[in-house]
Every structure is written in structure tokens, then in C-alpha cells.
Protein chains: 2
Amino acid sequence: MRKLTSTNAINEASLVRNCGVVYALTLIGGRWKPTLLFSLLGGTMRYNQLLKSIPGISERMLAAQLRELEKDGLVKRTVYAEVPQRVEYELTALGMSAAPLLRTMSEWGNSLRERP
Amino acid sequence: MRKLTSTNAINEASLVRNCGVVYALTLIGGRWKPTLLFSLLGGTMRYNQLLKSIPGISERMLAAQLRELEKDGLVKRTVYAEVPQRVEYELTALGMSAAPLLRTMSEWGNSLRERP
DNA sequence: TCTCATACTTACTTTTTTGTCAGTCCCTTA
DNA sequence: TAAGGGACTGACAAAAAAGTAAGTATGAGA
């Protein structure tokens with residue numbers, strides 16, 4: 001749970017306000033978010049499909065990160081009135097707009113990995 | 001302190017290994033790192049100068065984030081044999097190479113901020 | 001010897017994030 | 001009536017990140 005009046009929260013809020021990078025990090029910086037975004041760049045996926053395709057992720061974290069991405073408008077969640085239940089996740093236009101950024105980050109990261 | 005055998009650490013390590021984005025986030029994702037990088041993009045700065053120019057940062061966090069940036073090769077620390085002590089921080093070539101990425105992130109972040 | 005400036009450390013607490021795991025809800029078919 | 005699939009949720013615990021405050025190191029000059 002977040003404590004809005006902690007120094008930590010206040011510092012973070014102020015950094016987010018003043019810095020687009022920090023704000024971007026709140027959107028894509030969660031433990032499993034880059035992986036989720038990459039998965040969804042490949043197309044729409046169901047909850048269980050994501051769960052099985054991402055090694056190590058727990059249901060709680062999957063649901064939590066998806067909820068955040070949805071709240072931030074990067075991901076759209078669609079429930080189909082079927083049995084058994086079917087819920088699909090896909091990137092919104094905003095989510096798609098992260099693709100170039102993810103690519104840039106990935107390239108920069110990988111280039112820094114290979115060094116003496 | 002880090003506990004190398006926690007599920008958390010294992011998950012993180014595996015994500016870092018498989019994903020350049022996650023690796024990039026370990027380099028620039030700390031609370032104060034984007035701000036520090038932006039400050040240092042403006043040129044060499046001393047410890048106290050950074051401390052005073054970044055509202056809210058504590059000495060512990062400043063020193064810690066600088067040490068991480070230095071360990072990762074993004075920042076160079078130079079000690080001058082003077083009295084009183086003088087320590088300067090500047091970006092390395094690797095640190096400079098983050099500039100386009102920071103700009104991209106900043107633009108993406110700021111563009112997402114303005115929405116209905 | 002005492003104080004000063006600069007640049008940190010260290011020990012400890014609080015806050016936040018992540019992980020574990022059992023339980024829920026909604027129908028449907030046996 | 002029970003079992004089953006799919007998609008979660010909740011309570012609690014562990015780990016990690018961040019914050020607080022006081023202390024250390026160094027040599028210079030009063």
C-alpha cells in the first residue's frame with residue numbers, strides 16, 4: 001500500500017512532475033512490464049497464455065502489472081462472455097507508441113552489455 | 001542488502017539476461033539516476049554542487065547512486081589532492097551515449113502526460 | 001590543539017515492491 | 001451434485017529500495 005505523505009512518495013511525485021524520463025519509468029518500469037509489452041507487441045494474448053509464456057511470473061504479479069498497464073492506458077482488457085471465461089489483452093495505440101522507445105532502450109542496453 | 005538466492009533476485013537476473021530493456025533499467029532506473037545524468041550532461045560537477053542542485057536528495061542517496069553509475073561505467077569520479085577536498089563527477093563516453101535514450105524517454109513520457 | 005570545509009559512511013527505520021499460496025467466481029458438462 | 005477450466009483476488013511474508021541522522025576522514029590554517 002502506498003503512503004502518500006512519505007518522503008519517498010513526495011520525492012517520487014516531484015521527480016515525476018519534473019522529468020519525463022521518470023514519468024516514463026513509472027509507466028514501463030515495473031519488474032515484468034517490458035516483457036509484457038514485448039509479448040503484447042506480438043499481438044493479442046489471453047491471461048493464461050501470458051502466464052505460461054513468461055517464465056517465473058506469478059499470477060499476482062501478472063494481474064497486478066496488467067492492471068497498471070491498463071490503468072495507464074497502454075493495454076486494453078477485453079472480457080468475452082463465454083464459458084470458460086476468456087479475457088484478452090492487447091496494446092492500445094499508446095502502448096504501441098512505446099515500441100520505438102523499447103527498441104531504443106533494448107539496443108542501448110545490449111550495446112552496453114558487450115564491453116571489456 | 002541483496003540476497004542472491006531470492007526468487008526476486010533470480011527473476012530479475014533472468015530478465016536482465018534476456019532483455020536489453022530490463023538491463024538498461026538497471027543502469028538508469030534508480031530513483032535519482034535520470035536527474036543525475038541530466039545534471040552531468042550539463043558538464044562536470046562536484047559532490048556538493050550536485051547535492052545542492054538536486055532538491056530532496058539525501059547525501060546517502062547521492063553517494064549511492066553516483067557509486068552505482070560509476071561502477072556501471074556511466075560516470076567518472078575524480079579526486080583532486082586539494083584541501084578542502086575536491087571530487088568531481090562527469091559522464092564517461094558510455095554515460096554520454098545515454099543522452100539520445102534519455103531524450104527519447106523524456107519525449108515519450110511527456111507526450112503521454114498530456115492526454116484526455 | 002581546535003575548528004573548518006568537503007566528501008562521504010554507517011547503523012538503523014520506514015516504505016515499497018515482489019513473492020507465496022490458498023481461495024473465489026462463473027458458468028458448463030458429467 | 002460435483003468437477004473443471006479460466007481468470008483472477010486476498011492475506012501474509014520476504015526482500016529490496018529509500019530515508020534519517022549522526023559519525024568519520026583529511027589536511028589546512030588560526
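Each chain gets a letter, A, B and so on, in the order the sequences are listed, and its residues count up from 1.
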### Query
Is NZ or CZ of B:Arg46 both nearer than 6.0 Å to the six-membered ring centre of B:Tyr89 and within 45° of the ring axis?
no

Can you figure out which of [options] approaches the side chain of [X] most closely?
{"X": "A:Tyr47", "options": "D:dA18, C:dT18, D:dA7", "result": "D:dA7"}
{"X": "B:Asn48", "options": "C:dT6, D:dT20, C:dC8", "result": "C:dT6"}
{"X": "B:Val87", "options": "D:dG6, C:dA7, C:dG19", "result": "C:dA7"}
{"X": "A:Arg77", "options": "D:dC8, D:dA7, C:dT16", "result": "D:dC8"}
{"X": "A:Pro84", "options": "D:dA16, D:dA18, D:dG6", "result": "D:dG6"}
{"X": "B:Val83", "options": "D:dG6, D:dG27, D:dA16", "result": "D:dG27"}
{"X": "A:Ala63", "options": "D:dA7, C:dT20, D:dT9", "result": "D:dT9"}

By nearest-heavy-atom nucleotide on DNA chain C, the more 5' of A:Gly30 and A:Lys3 is A:Lys3

Residue pair B:Asn11/B:Glu59 against DNA chain C: nearer the 5' end by closest nucleotide is B:Glu59

State whether a side-chain donor-acceptor pair under 3.5 Å links B:Gln85 with B:Tyr47.
-> no

Quick one: [X] [atom1] to [N] [atom2], roughly how many Å, whole number?
{"X": "A:Arg86", "N": "C:dC26", "atom1": "CZ", "atom2": "C1'", "answer": "16 Å"}
{"X": "B:Leu36", "N": "D:dA18", "atom1": "CG", "atom2": "P", "answer": "12 Å"}
{"X": "B:Met45", "N": "C:dA7", "atom1": "CE", "atom2": "P", "answer": "11 Å"}
{"X": "B:Ile10", "N": "D:dA15", "atom1": "CD1", "atom2": "P", "answer": "11 Å"}
{"X": "A:Ile54", "N": "D:dA7", "atom1": "CD1", "atom2": "P", "answer": "14 Å"}
{"X": "B:Leu62", "N": "C:dT6", "atom1": "CG", "atom2": "P", "answer": "15 Å"}
{"X": "A:Glu82", "N": "D:dA7", "atom1": "CD", "atom2": "P", "answer": "10 Å"}
{"X": "B:Glu12", "N": "D:dA15", "atom1": "CD", "atom2": "C1'", "answer": "11 Å"}

With a 4.0 Å limit, can you tell me whether [X] has a side-chain N or O closer than that to the phosphate oxygens OP1/OP2 of [N]?
{"X": "A:Tyr89", "N": "D:dC8", "answer": "yes"}
{"X": "B:Thr7", "N": "D:dA15", "answer": "no"}
{"X": "A:Arg46", "N": "D:dA7", "answer": "yes"}
{"X": "A:Arg67", "N": "D:dT9", "answer": "yes"}
{"X": "B:Ser6", "N": "D:dA16", "answer": "yes"}

Minimal heavy-atom distance between B:Pro34 and A:Leu25, with the atoms involved, is CG-CD1, 4.0 Å

What one should report as the nearest heavy-atom pair of A:Gly20 and B:Asn110 is CA-OD1, 3.6 Å

Any Lys/Arg nitrogen of A:Glu68 or A:Lys33 sitting under 4.0 Å from an Asp/Glu carboxylate oxygen of the other? yes

ask   = Do B:Arg2 and B:Glu12 meet the salt-bridge criterion of a basic N to acidic O distance under 4.0 Å?
value = yes

Between A:Glu88 and B:Leu4, the residue closer to the 5' end of DNA chain D by nearest nucleotide is A:Glu88

Exercise for review: Describe the nucleic acid contact of B:Ala64 in one word from base, sugar-phosphate, nothing, applying a heavy-atom distance below 4.0 Å.
Suggested key: nothing

Original post:
Does any N or O donor sit under 3.5 Å from an N or O acceptor when you compare the side chain of B:Arg60 with the base of D:dA18?
Top reply: yes

